[in-house]
Amino acid sequence: MKVTGSFTLPVERKRAYELLQDPDVLARCMPGAETFTKIGPDEYEMKMKMVISAVQGLFAGKVRIADQKPPGQFRLLVEASGKVGFMKGDGVLSLVPANTSTGLSILASEGTDVRFEGEVQVGGTIASVGQRLLDNTAKIVIKKFFDKLTEIVGETEQPVGQLIP
Amino acid sequence: MIPQNFEYSAPSNLTEALALLAGGNAKVLAGGMSLIPLMKLRLAAPEHLVDLSRVPDLKAIREDAGSILIGAMATHYDIESSPLIRSKCPLLTEAALHIGDVQVRNMGTIGGSLAHADPAADYPASLLALEAQVKIASAKGERTVGMEEFLVDAMTTVLEAGEIVREVIVPVEASGTGVAYQKMVHPASGFAIVGTAVRLRRSGGKVAFVRAGITGLAGKAFRATAVEKLLVGTAGSAADIQKAAAAAADGIDANSDLHASAAYRRQMAKVYTARALMQALSRCA
């Protein structure tokens, strides 16, 4: 299954790139993540509990970041399995400065569009009976991730688009 | 497969049921048409089931102050065979008739279907077109939300832990309204690949009122306001219908799965919306 989409983060590109590589941030954004531990350079082990409607599953897996080209691009590899099935994802995230300019040159336009394109494979019971809902489930998980990230950005970062003296 | 062990309670009144659910670990068992298969496949393993089938009054279908009130435990069969619903909000009769198969309609309930929030369920398209409301109850009290607000995303509603759907409130249909539900059925599951529910009225030779809801196309069913706006004020000719229906999938992130790609679903949404509009217009007084 192909997964593509984009989200806008209200921070400049360099900062957005740092946030997306920060294990603490990733741990907080990953929906249902219970543990998120570094096991090697750019490699993390995680346990997550997914709850969607009546279905819930515990997954254990690995997240790896590769092919880093800061501040514009990196590759994210995710592998997880649990009793109800397994999941493998491989995607490229591209960061592009968002054109949020209001037309006034004195307004800083420092948002960043994060575009992702990847391939997700799902197998096991969950794939054989839940095929009809996999697409939606993937969309929900990705949306939750970026919603949470936007929330974290809102807590810690300076707002952008403010007047530059 | 045999489900994992779970505790089972069958409370005999609503207060007791809500108290059991307030703990947070319990899951509601309504008709069980979605939950039991999930448990048998061990995709769901609730620790505690609270069966609502012995709670009195949750099945009632009655009329009060211009609305039809449908208890959450009313089965799809109760709804499709209710003379009150057939005469006062016939779109819902049609929606219920389209659900699954006879066995599912005999057991499955409107409250269970809404709380489960399958993106391809039949009721939401009609309930959106009907501008229905959902009454939610918990140990803390009751609240009522509009159908549009109730649906959050695929398999996700505004229901919080400890809350149940108590009743569905549907306004009594105005006379002269034509209604239709057109659905592309997935042959094995009976779910909608796409489905469009429409209500409309004419006045002075023009289409005066349109409400359309679409299910199956996106993560949740939605009101097709673009279609509604394009059709209102026109004569309702075949060309007007095609033009309005062409907007059915505008701005929608369509579902894609083994059964239908996103592009195919978008195209079918247009086709079935046109059919529903045409049928509803032909039924207008």
Side-chain angles (χ1 to χ4, degrees), chain A residues 1-8 31-32 48-59 80-87 89 91 113-148 150-151, chain B residues 1 3-4 6 25-30 32-47 49 112-121 152-157 159 161 186 188-193 216-221 252-262 265:
Chain A
M1 175 174 68
K2 278 209 167 11
V3 183
T4 54
S6 75
F7 281 83
T8 306
M48 61 193 287
K49 188 178 181 181
M50 294 272 300
V51 182
I52 288 166
S53 186
V55 178
Q56 51 174 285
L58 274 168
F59 292 90
S81 62
K83 264 189 200 162
V84 297
F86 68 86
M87 194 273 275
D113 276 340
V114 182
R115 293 173 193 161
F116 57 90
E117 202 174 338
E119 184 75 36
V120 177
Q121 275 182 298
V122 186
T125 320
I126 202 152
S128 55
V129 299
Q131 165 57 230
R132 213 167 46 76
L133 299 167
L134 290 180
D135 185 40
N136 276 306
T137 309
K139 282 178 192 164
I140 291 176
V141 171
I142 293 165
K143 186 175 178 295
K144 277 190 179 163
F145 179 87
F146 281 97
D147 281 354
K148 186 75 192 169
T150 310
E151 192 189 309
Chain B
M1 214 156 45
Q4 257 163 33
F6 57 88
N25 275 333
K27 177 96 192 144
V28 178
L29 176 65
M33 293 297 95
S34 298
L35 182 59
I36 301 289
L38 286 173
M39 288 172 64
K40 288 191 164 186
L41 290 159
R42 299 211 171 183
L43 286 173
E47 286 167 26
L49 283 189
S113 171
L114 289 181
H116 187 58
D118 191 295
V152 176
D153 209 332
M155 322 301 284
T156 317
T157 66
L159 288 175
H186 177 250
S189 68
F191 274 105
I193 289 175
L217 180 62
K220 60 173 179 171
I252 297 299
D253 184 6
N255 295 338
S256 179
D257 59 26
L258 214 58
H259 313 302
S261 68
R265 267 206 171 78

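So you know, we letter chains A, B, ... as the sequences are listed, proteins then strands, and number each from 1.
Taking both residues in full, the closest heavy atoms of B/N255 and B/G216 are given as ND2-O, 3.2 Å, listed atom of the first, atom of the second, then distance. For the pair A/M48 and A/P31, the tightest heavy-atom approach, listed with the atom from each and the gap, is CE-O, 3.1 Å.
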side-chain contact (heavy atoms from CB on, under 4.5 Å) between B/M39 and B/F6, worked out: CA-CA 10 Å; B/M39 288 172 64; B/F6 57 88; 3.5 Å; yes
Can A/T125 and B/R42 be said to form a side-chain contact (heavy atoms from CB on, under 4.5 Å), step by step? CA-CA 9 Å; A/T125 320; B/R42 299 211 171 183; over 6 Å; no
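Both the backbone and the side chain of B/L43 come within less than 4.5 Å of a heavy atom in chain A. For B/D253, the parts sitting under 4.5 Å from any heavy atom of chain A are the backbone and the side chain alike. Proximity to chain B is limited to the side chain of A/K83, based on heavy atoms less than 4.5 angstrom apart. Residue A/L134 does not touch chain B at all, counting heavy-atom pairs closer than 4.5 Å.
Between chain A and the options B/A154, B/A44, B/S34, B/A45, heavy-atom pairs under 4.5 Å are most frequent for B/A154. The greatest number of non-hydrogen atom pairs below 4.5 Å with chain B, out of A/V84, A/D135, A/I126, is found for A/D135.
Residue A/Q121 qualifies as open at atom CD: its count of foreign heavy atoms under 6.0 Å is 12 or below.
Distance alone, capped at 3.5 Å, is enough to place a donor-acceptor pair between the B/R265 side chain and the B/I193 backbone. Distance alone, capped at 3.5 Å, places no donor-acceptor pair between the A/R115 side chain and the A/S6 backbone.
Side-chain atoms of B/S189 and B/H186 form a donor-acceptor pair, as typed in the model, at a separation below 3.5 Å. With no hydrogens or angles considered, a side-chain donor-acceptor pair links A/T8 and A/D113 at under 3.5 Å.
For residues 137-147 of chain A, the interface with chain B (any heavy-atom pair closer than 4.5 Å) comprises A/K139, A/I140, A/K143, sorted by residue number.
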